[in-house]
Engineer: 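Here it is, the structure in full.
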Amino acid sequence: MSDDLERSRGDDAALSGHDDAALSVHDDAALSRELTAAIRATEGVTGVYPAQPTVEAAVDAVAVRLALRQPDVLVDIDRADGFTTVSAHIATSAAVPATETLRAVGELIRSTLGEAGPLAINVKVRLIDDTGRPASK
Amino acid sequence: MTPDDRAAPDDGAVPATPANPDDLPVSAADDLDGYTMEELGDYLDRGRTPYDPGIENSASCRLALSGMTRMRELSQTVLVRESRAMPGRDDNWISGLLDTIKAEITSGRDIPVSHSDPALRLALTEAAVRGMIRRAGDTMGGLIMGRCTLDGDVTTPGEPIRVDVTASLEFGLSLADTAAKLRERIGYALARHTELVVSTIDVTIDDIYTTGGQRS
């Protein structure tokens, strides 16, 4: 986890109410960006897809949330009632067993989040790719 | 399945009938993240340029493109010959196969992958697995895959399931040998990329064609 992210989380703890929520969303965008980049760099991963359905994103249509649809912010992070759910959808290379890639990505997210409290990490393979063409640039 | 398995056959066989369009649901446009099969076809025609991030970043579109690309590779030379001999036949075949591909890109059920950490919920979509099975057959040579079904509770770890596929066979090839080879390739791909317990792999050859365009 980056120093900036750790620092911003420390700042976040000192705030409260509306500002707290706004900063939390901002932090989650940064965390999602960090996770997206790390997952893309994982062996066997050929692409990362938006984990949040388009329709759901439209319903949640607030500017900050829409930022999560940016190409480099594809991992969905949802916090509710003290529980964190992280979701990532990926394409994997047929050259590496998809099960291995799945576990590697799940463990990567787990280690990146550290002691984040109660959480669930959902990783889903949506395409096993043998074309060699990157799923996302 | 590895890239080495993707050797294309020397010539393609063209079925005359749609690949099981009647028993497959037709997907909504939403399944292609807002794109249509026609738009994806146009994109393929343009050599996938200019790069369209909306398509390339959609798993559903990628699955559909993969199937459409494979279909074109298998049939390109034969299509011309066959269309001259039997006008209308190829339209039926293409539309049937497109329906199958379109139906199979729906994500479907989640197929779990185990992990010792209970916080990690890992899965493959049914569409990803079906796409993998389709390529295992289409890249084998001598046949064109039709329908692919995972029959059973794929969402429960350890629960035996049945794989049911249909295919069209090139005339002259041994049905038994080709079916056995297809079973082996599908079994290998499933064992390599999933934790599914496969009880049987049923292969139905529902059409046979000569490469010269005459139906046997």
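In what follows, every chain begins at residue 1, and chains take the letters A, B, ... in the order their sequences are listed.
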Engineer: Measuring heavy-atom distances to chain B, does A:R103 have an atom under 4.5 Å in its side chain, in its backbone, in both, or in neither?
Structural biologist: both
Engineer: Name the member of A:L102, A:V86, A:T92 that forms the most heavy-atom pairs with chain B at distances under 4.5 Å.
Structural biologist: A:L102
Engineer: For A:V96, is it the side chain, the backbone, both, or neither that has a heavy atom closer than 4.5 Å to a heavy atom of chain B?
Structural biologist: backbone
Engineer: Identify which part of A:E100 has an atom lying under 4.5 Å from any heavy atom of chain B, answering side chain, backbone, both or neither.
Structural biologist: neither
Engineer: Using every non-hydrogen atom in the two residues, find where B:T155 and B:D110 come nearest and quote the distance to one decimal.
Structural biologist: CG2-O, 3.4 Å
Engineer: When you compare the side chain of B:L122 with that of B:E195, does any pair of heavy atoms fall below 4.5 Å?
Structural biologist: no
Engineer: Looking at every heavy atom in both A:Y49 and B:E56, which two are closest together, and how far apart are they?
Structural biologist: CE2-O, 4.1 Å
Engineer: What pair of heavy atoms forms the shortest contact from B:A128 to A:V125, and how long is it?
Structural biologist: CB-O, 3.7 Å
Engineer: Please rank B:S114, B:P112, B:P118 by heavy-atom pairs under 4.5 Å with chain A and give me the top one.
Structural biologist: B:S114
Engineer: Got B:S168 and B:I205 here, is their nearest side-chain heavy-atom distance under 4.5 Å?
Structural biologist: no
